[in-house]
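Presented below is the structure to which this report refers.
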Amino acid sequence: MIRALLWDVDGTLAETERDGHLVAFNRAFETAGVPWRWSAAHYGRLLEVAGGYERLLHELKHRDAAPAGSAAREGLARQLHRLKNGFYEDIVRAGELPLRAGVPELLAECSAAGVPMAIATTTTPSNVAALLGHHLGGDWRGRFAAVVTAAEAPRKKPDPQVYELALAALGVGAREAAAIEDAPAGVYACRRAGVPVIVAHSHYFPDAVAGARAAGPSLGSGAGWRPAAAVPGTRIGLEQIRRWCA
Ligand code: XBP
């Protein structure tokens, strides 16, 4: 029986990669006087590298215009990442990153039913605080029994660390929780932690991922899911998630 729900953040709660991080990275490049910008397609490929700082370092290693020494590259990546996270917060506060369809309803359903929830993301904690503070208000933390981010789980997905820490904080076994994810790395992390996972595809991750209990286009619709949603209703709710995970 599923007793707790674990939430990924980027791509799952909101389309943060396409509409948030990518835009913010490009603003950071401009501000720092870096002579390149990332296209939406190039960023999609870069998402194979987990972590914004790591993504920047990867890019710097492959750009002729980047500093030659590793210490200089790391310094520039740190500066750009700090700038990017500041711009990301600006974008959130400007209301440009709405929660995805079905997310507010499922959050409210869990709270009303007394089902504890955790955030399980390897993004920077300030990004999580900005997004959830904007949408859920100043007491957003109180809605979650645990919040695990890159600060607590430095080994990024697909490493299972973030899910293992979330389960430990909640005090539930892996099979007593369900995770909501969008990306293959998140699904692998869940599988390695033994957590059943439901995938709501996002802009950058539209394809099926092996090992998910169910996958579909949006928590806001019962249509297009595999296996098909069986609980009547216009969105994916707890009862449906429990059936998929049973
Ligand atoms: C998403 C990530 C993050 C974000 C950028 O992690 O890989 O790196 O793309 O955020 P998750 P940072 O799927 O666990 O939410 O720049 O803070 O790393």
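The analysis underlying the following values was restricted to heavy atoms, covering all of them including side chains, and did not include hydrogens, waters or symmetry mates. Atoms within each ligand, like the ligands themselves, are counted from 1 in listed order.
- In summary, E181 and K157 engage in a salt bridge, as defined by a charged side-chain N under 4.0 Å from a carboxylate O.
- The proximity of D8 to ligand 1, defined as any non-hydrogen pair under 4.0 Å, is limited to the side chain.
- With D8 as the fixed residue, the side chain to side chain contact (heavy atoms under 4.5 Å, CB included) test singles out one of L13, T122, D182: D182.
- Of the possible donor and acceptor atoms, one in the side chain of R191 sits under 3.5 Å from a partner among the backbone N and O of A210.
- Atoms of ligand 1 found under 4.0 Å from any heavy atom of H81 (numbered from 1 in listed order, with element): 12 (P), 16 (O), 17 (O), 18 (O).
- Note on R55 versus E59: no salt bridge recorded, every NZ/NE/NH1/NH2 to OD/OE distance being 4.0 Å or above.
- When hydrogens are left out, the protein atom nearest atom 14 (O) of ligand 1 is T122 N, 2.8 Å; that is the closest non-hydrogen contact.
- Atoms of ligand 1 found under 4.0 Å from any heavy atom of K157 (numbered from 1 in listed order, with element): 11 (P), 13 (O), 14 (O).
- Distances from atom 16 (O) of ligand 1 to the heavy atoms of K84, E48, E54 show the closest one on K84.
- The protein heavy-atom contact nearest to atom 10 (O) of ligand 1 is T123 OG1, 2.8 Å.
- If you check which protein heavy atom lies closest to atom 3 (C) of ligand 1, you get D10 OD2, 3.8 Å.
- Interface atoms of ligand 1 facing G51, defined by a heavy-atom separation under 4.0 Å, are 7 (O), 8 (O), 18 (O).
- Contacts between N127 and ligand 1 below 4.0 angstrom, taking non-hydrogen atoms only, involve the side chain exclusively.
- Taking CD1 of I119 as the start and CG of L132 as the end, the distance is 5.0 Å to the nearest 0.5 Å.
- Close approach of ligand 1 to E17 is summarised as follows: ligand atoms under 4.0 Å from at least one heavy atom of the residue are 1 (C), 2 (C), 4 (C), 9 (O).
- No more than 12 heavy-atom neighbours from other residues, nucleotides or ligands sit within 6.0 angstrom of CD on E48.
- Protein heavy atom closest to atom 7 (O) of ligand 1, with residue, atom name and distance, is R55 NH2, 3.1 Å.
- Contact check on R27 versus D90 returns no salt bridge, with no Lys/Arg side-chain nitrogen under 4.0 Å from an Asp/Glu carboxylate oxygen.
- Using a 4.0 Å cut-off between a side-chain N of Lys or Arg and a carboxylate O of Asp or Glu, R235 and E109 qualify as a salt bridge.
- Protein heavy atom at the shortest distance from atom 17 (O) of ligand 1 is T124 OG1, 2.4 Å.
- Judged by distance alone, with hydrogens and angles left aside, the side-chain atoms of T16 form a donor-acceptor pair with the main-chain N or O of G11 at under 3.5 Å.
- Closest to atom 15 (O) of ligand 1, if we only count protein heavy atoms, is T121 OG1, 2.6 Å.
- With hydrogens left out, the protein atom closest to atom 18 (O) of ligand 1 is G52 N, 2.7 Å, a heavy atom.
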